[in-house]
Amino acid sequence: MNARALEPGRPEVLGATPDAAGVNFAVFSQRASAIELCVFDDAGAERRLPLHGPDDGVFHGLLRGARAGLRYGFRAHGEWRSESGRRFNPNKLLLDPCARAIEGRFAWQDEHYGHTPGHPEGDRIPDPRDNAATALKAIVLDDPGVAPGCANRPRHRLRDVVLYELHVRGFTMQLPGIPDALRGTFAGLAHPAAIAHLKHLGVTTLSLLPVTRSLDERHLVERGLTNYWGYNPIGLFCPDPRLAADKTPDGVVAEFRAMVHALHEAGIEVVLDLVFNHTAEGDERGPLLCFRGLDNASWYSLVRDDRSRCENHSGCGNTLRVVHPRVTQFVLDALRFWVSRIGVDGFRYDLASVLGRTRAGFDPSAPFFVALRQDPLLADVHHIAEPWDAGHGGYQLGRFPGRFLEWNDRYRDAVRGYWLGLGTGRGDFARRITGSSDLFHHGHRRPTANVNYVAAHDGRTLADVVAYTQRRNEANGEGNRDGHAHEVCANFGVEGPTDDVGVAEDRRRARRAMLATVLLSQGTPMLCAGDEAGNSQQGNNNAYCQDNPTGWVDWQGLRDDADTVELVVRLLGLRRAEPLLRHDGWFPPGEAPAEGPRVRWHAPEGHVMQVADWHARDTGALACTLQDDADAPPRLALLFNPDPRPVRFVLPEGPWTGLVDSSAPTARRPVAGPDHCTVAPARSVLVLARHHVPAGDVP
C-alpha cells in the first residue's frame, strides 16, 4: 500500500469529481479513524489508497491521472461497538453515497453483512469475510454539464399545474404506439405516442415514481418478486438502468436527460419522487453497503436508550438522520444534481415528515427546510410533500413550510366518501373542494399548497375504488396482510368484475364524478396514470412488487371507455380557460366584505345554504356558484348530485348553458329551462355557465 499514492484533495465537494488533473474523492464520516479508497482494474484486482483527513469530517484525496470509467469503493476503519451504534468493518467494500453510477447486481449473501447473521453472539462481533468480489461498485462519470432541459423548462405557474403521477415502466409497457424496444424505459416515456396522450389529456406536470437505483428486499427476492416501485434506494444520484433502453452508465444519464428535454419541448414538466427517509440497508440487522458502514450513527437516527437499534419512522427499518448537517448537505447536493445536471422541475418527497424531524419531533423550521428555502437553484422548482411518516407524531398535513405542496389524504377520503355514500357530509365536501382552508389557510399559504387526488400509486386505482371492498393482495406473498386495510371504497353490490349492466353504470358514474370533482376543485389537481382509462389492478391495493400486467397500466379503456378520457380532456380545457376554477386565493366566508372572486353555496331548491341544510340527511346534492366579485352576478354553477336518483336544481336567474355532464360526457350539453331549473342525473357533476365562457381551450 503506497501511502503517497493519493494527493490531498478538495473536501468541499462530496463524491468523485473528475477534472484535468485526475479524480477528486471526498466522503463524509464523523467517527471513522481512517478511510481507504479502493480502485479496481478490469480484471477486478483491487488497489487500496488511504484518503487524507478528516477535515471537518471529510476524508479526501486526488488520484492524479484517473479518468471517468474508474470503478471504486471505500473501506472505513474504526470501532465495532454495535451497542453504541458504531459499525465499522474494513472487510466490507462500501458504495460512495454520492456515486453517479453503480456497477453490479446485488445478491443477498451473508458476506455483505457487517456481522455474521445467526452468530451466537448476535451483532457484537464483526464479520471477517471480505465481500469486494461481489459488492456493488461505484463508477466515475464525467460531468455531463448543464442539462439541455434547463434551457426549455415550461415553468408553469402553480395555479396552472395539473399533476399526473406515473411509473415510467408501468405507463409505457402497454401503451399503444410505443416500440417494443422502448417499452418500460425513459426513452419510451419520451416517445411521441406517450407525449401525445399526455398532451391530449392536458396535464402539465409528470410526477414520476422513483427512478433512482434501488434494491429488491431480501424477502421479495426469496419469493421471486422485485421492488417494482423502487422505494428502496441505494443510489440517489443514479438513474436506474433497469428503466433505460441504453444501459451503459453514460447512456442511462443521456437517455434520462433526453427524456426531460423532449417532455419540456411538449410543455410538460418533470417532478421526481425521491426517497430521503430511508435506504436499502434496512434495520440494524441489515447489510453494510454504504451509509451504515461509513458512519452508522451519523447517517441514521438511532434509538436514544438503545443505540444498537435504528429508529424506524419510515416503516422500512431505518430512518435517514436528515437533521445532521452533512446529511442535509447530501440531500441538497442530490437535489441540485437532478435540477442542474438532469434538468428536472421539482421533487415529490416520500414520507416527507422525516425531513423535518429533530430531537423534539417534526419542526417546520428544521435545518433542511431552512437550507432549502435559501438555495437559489432549488427555490425555483416544485416541492411536494407526502406529509407524514410512519413514526409517532409523523402526520403533519398542513404544516410544511414555504412553497411546499402537500398530498391531502383527507381530501381523498372525503371526496370518495361523498360520492360513495359513506358518510361524508355536504359541509366537509364543500370545505375540501374549495382548498381545505382548515388545513392550509395560515402562514401566507395558498389553496395551491393542497394537492387534491382520489387515487395514487399507493392504494387502489380509481376503477378498483368502485369495485372492491376487500384487498386482493395474495400475489404479494404476505398472506393478504399488506396494503391499507381500511380504504374508503364501495363495490355497488358486487365484489370485483361484473356483467350486471346497472352495477357497471353506477361504478362508471361514480368514477367519472370523482375525476370531475378533482379537476374542478380549488387547489392543485393530481391524476393517477390510467385512471382516465379505467385501469384496474384486480383489487391489489399495494402493487409495489407486481412488475407484470397487474402493476402496469391497462390501456384497454382508451377504446372501451373513451368517454371518460374525453371527460378529463374537456374538464382540463375548461380549467385552463376559466380563471375561477384555478383561483389561487381563499374565497371569503359567507357575505364577508372582500374583493375578488367568491363562492356561494345553494341547496337544490335554490336558496343559499343555511345551517339546517348543511346537516340535512335527505340528500347529499349541493350546488355552488362562482362569481368574479361580490357585486357581480354568478358566472359558473357547479352541481353535485351523489344520490342514486336524479335531482332537480333551481338556479339563480339565467340564462344558463351546460358545459359538462360527467354522467354523459359526449351527450348534448344540458340547458337550464326558462324556469331556471335543470336536472342533474344520478351520481353526476354538472358545470353550467351563465355568461359566455372563453372557448379558446374548451373542447
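As the structure is a computational prediction, the values presented were derived from the model and not from experiment. Worth knowing before you read on, the calculation uses all heavy atoms, side chains too, and leaves out hydrogens, waters and symmetry mates.
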Open item on the list: Can you classify the ring geometry of F404 versus H383 as parallel (below 30°), tilted (30 to 60°) or perpendicular (above 60°)?
Closed with: tilted
Task: Distance in Å, N450 CG paired with R410 CZ, rounded so as to fall on 0.5 Å steps - done: 11.0 Å
Open item on the list: If I take atom CG from residue D409 and atom CH2 from residue W388, how far apart are they, to the nearest 0.5 angstrom?
Closed with: 4.0 Å
Open item on the list: Which residues pass the ring pair (Phe, Tyr, Trp, His ring centres under 6.0 Å) test with F256, not counting sequence neighbours?
Closed with: F186, W338
Task: Side chain proximity check, F74 to L93, heavy atoms < 4.5 angstrom - done: no
TODO: Output, in order, the C-alpha distance, side-chain angles, deciding distance and verdict of salt bridge (charged side-chain N to carboxylate O under 4.0 Å, His left out) for R67 and D142.
DONE: CA-CA 8 Å; R67 294 290 180 265; D142 280 323; over 6 Å; no
Task: Side-chain touch L274/D350, heavy atoms, less than 4.5 angstrom - done: no
Task: S308 OG to N296 CG distance, which is reported to the nearest 0.5 Å - done: 10.0 Å
Open item on the list: Once you measure the plane-to-plane angle for H112 and F106, does it fall in the parallel (<30°), tilted (30-60°) or perpendicular (>60°) bin?
Closed with: tilted
TODO: Kindly indicate, with the supporting measurements, whether the criterion salt bridge (charged side-chain N to carboxylate O under 4.0 Å, His left out) is fulfilled by D130 and R75.
DONE: CA-CA 11 Å; D130 193 288; R75 294 180 185 269; 2.9 Å; yes
TODO: Indicate yes or no: at least one non-hydrogen side-chain atom of D283 is less than 4.5 angstrom from one of N312.
DONE: no
Open item on the list: Under a plain distance cut-off of 3.5 Å, with no hydrogens placed, do D216 and T226 share a side-chain donor-acceptor pair?
Closed with: no
Task: Any side-chain donor near an acceptor of the partner, S207 and E165, under 3.5 Å - done: no
Open item on the list: Could you check whether any side-chain N or O of K247 sits under 3.5 Å from a backbone N or O of D240, counting only pairs where one atom can act as donor and the other as acceptor?
Closed with: no
TODO: Return yes if a side-chain donor-acceptor contact under 3.5 Å exists between R257 and H261, otherwise no.
DONE: no
TODO: Ignoring hydrogens and angles, state whether a donor on the side chain of H457 or Y231 is under 3.5 Å from an acceptor on the partner side chain.
DONE: yes
- [ ] Check whether NZ of the Lys or CZ of the Arg R321 lies under 6.0 Å from the centre of the six-membered ring of F291 and within 45 degrees of that ring's axis.
- [x] no
Open item on the list: Nearest 0.5 angstrom please: E222 CD to R218 CZ, how far?
Closed with: 5.5 Å
TODO: Give me the ring orientation class for F400 and F369: parallel if the planes are under 30° apart, tilted from 30 to 60°, perpendicular past 60°.
DONE: perpendicular
Task: Flag side-chain contact, heavy atom, 4.5 Å: L209 against L166 - done: no
Task: Donor-acceptor pair between N227 and N232 side chains, under 3.5 angstrom - done: no
Open item on the list: Using a 6.0 Å distance limit plus a 45 degree cone around the ring axis, check whether R412 lies over the aromatic ring of W407.
Closed with: no
Task: Student check: side-chain heavy atoms of L63 and L6 closer than 4.5 Å - done: yes
TODO: Indicate, with yes or no, if the rings of F28 and F59 have centres closer together than 6.0 Å.
DONE: no
TODO: Taking the side chain as every heavy atom from C-beta outward, state whether E281 and L215 have any atom pair closer than 4.5 Å.
DONE: no
Sequence neighbours excluded and cut-off under 3.5 Å, please list the side-chain donor-acceptor pairs for residues 11-19, or say none.
residue, atom, partner, partner atom, Å
D19, OD1, A21, N, 2.9
D19, OD1, G22, N, 3.1

- [ ] With the side chain counted from C-beta on, respond yes when F88 and W80 share a heavy-atom pair under 4.5 Å apart, and no when they do not.
- [x] no
Task: Crowding at NE2, H392 (>12 non-hydrogen neighbours, <6.0 Å) - done: no
- [ ] Check for a donor-acceptor pair, side chain of N318 on one end and backbone N or O of G282 on the other, with a separation under 3.5 Å.
- [x] yes
- [ ] Please check if any side-chain donor atom of N89 sits under 3.5 Å from a side-chain acceptor atom of H115, or the reverse.
- [x] no
- [ ] Using the ring of F40 (Phe, Tyr or Trp, six-membered ring only), decide whether K137 places NZ or CZ under 6.0 Å from its centre and within 45 degrees of its axis.
- [x] yes
Open item on the list: Nearest 0.5 angstrom please: E311 CD to R357 CZ, how far?
Closed with: 7.5 Å
Open item on the list: Assess, by modelled atom type and distance only, whether the side chains of T279 and Y300 contain a donor and an acceptor separated by less than 3.5 Å.
Closed with: yes
Task: Residue of the set R309, R87, R86 for which salt bridge (Lys or Arg N to Asp or Glu O under 4.0 Å) holds with D123 - done: R87
Open item on the list: Is it the case that the side chain of T328 and the backbone of V322 share a donor-acceptor pair, with hydrogens and angles ignored and the cut-off at 3.5 Å?
Closed with: yes
TODO: Please work out which of the three classes, parallel, tilted or perpendicular, describes the rings of F368 and Y349, given edges at 30° and 60°.
DONE: perpendicular
Task: Q30 and H324: side chain donor to acceptor below 3.5 Å - done: yes
Task: From L272 atom CG to I384 atom CD1, the distance as rounded to the nearest 0.5 Å - done: 10.5 Å
Open item on the list: With a 4.5 Å cut-off on side-chain heavy atoms, are D55 and H60 touching?
Closed with: yes
Open item on the list: Under a 3.5 Å cutoff, is there a donor and acceptor pairing between the side chains of T134 and E111?
Closed with: yes
- [ ] Could you go through the salt bridge (charged side-chain N to carboxylate O under 4.0 Å, His left out) check for R326 and D56 one step at a time?
- [x] CA-CA 10 Å; R326 289 296 184 185; D56 194 20; 3.1 Å; yes
Task: From CA spacing to verdict: salt bridge (charged side-chain N to carboxylate O under 4.0 Å, His left out), R64, E7 - done: CA-CA 8 Å; R64 190 167 289 278; E7 300 177 18; 2.7 Å; yes
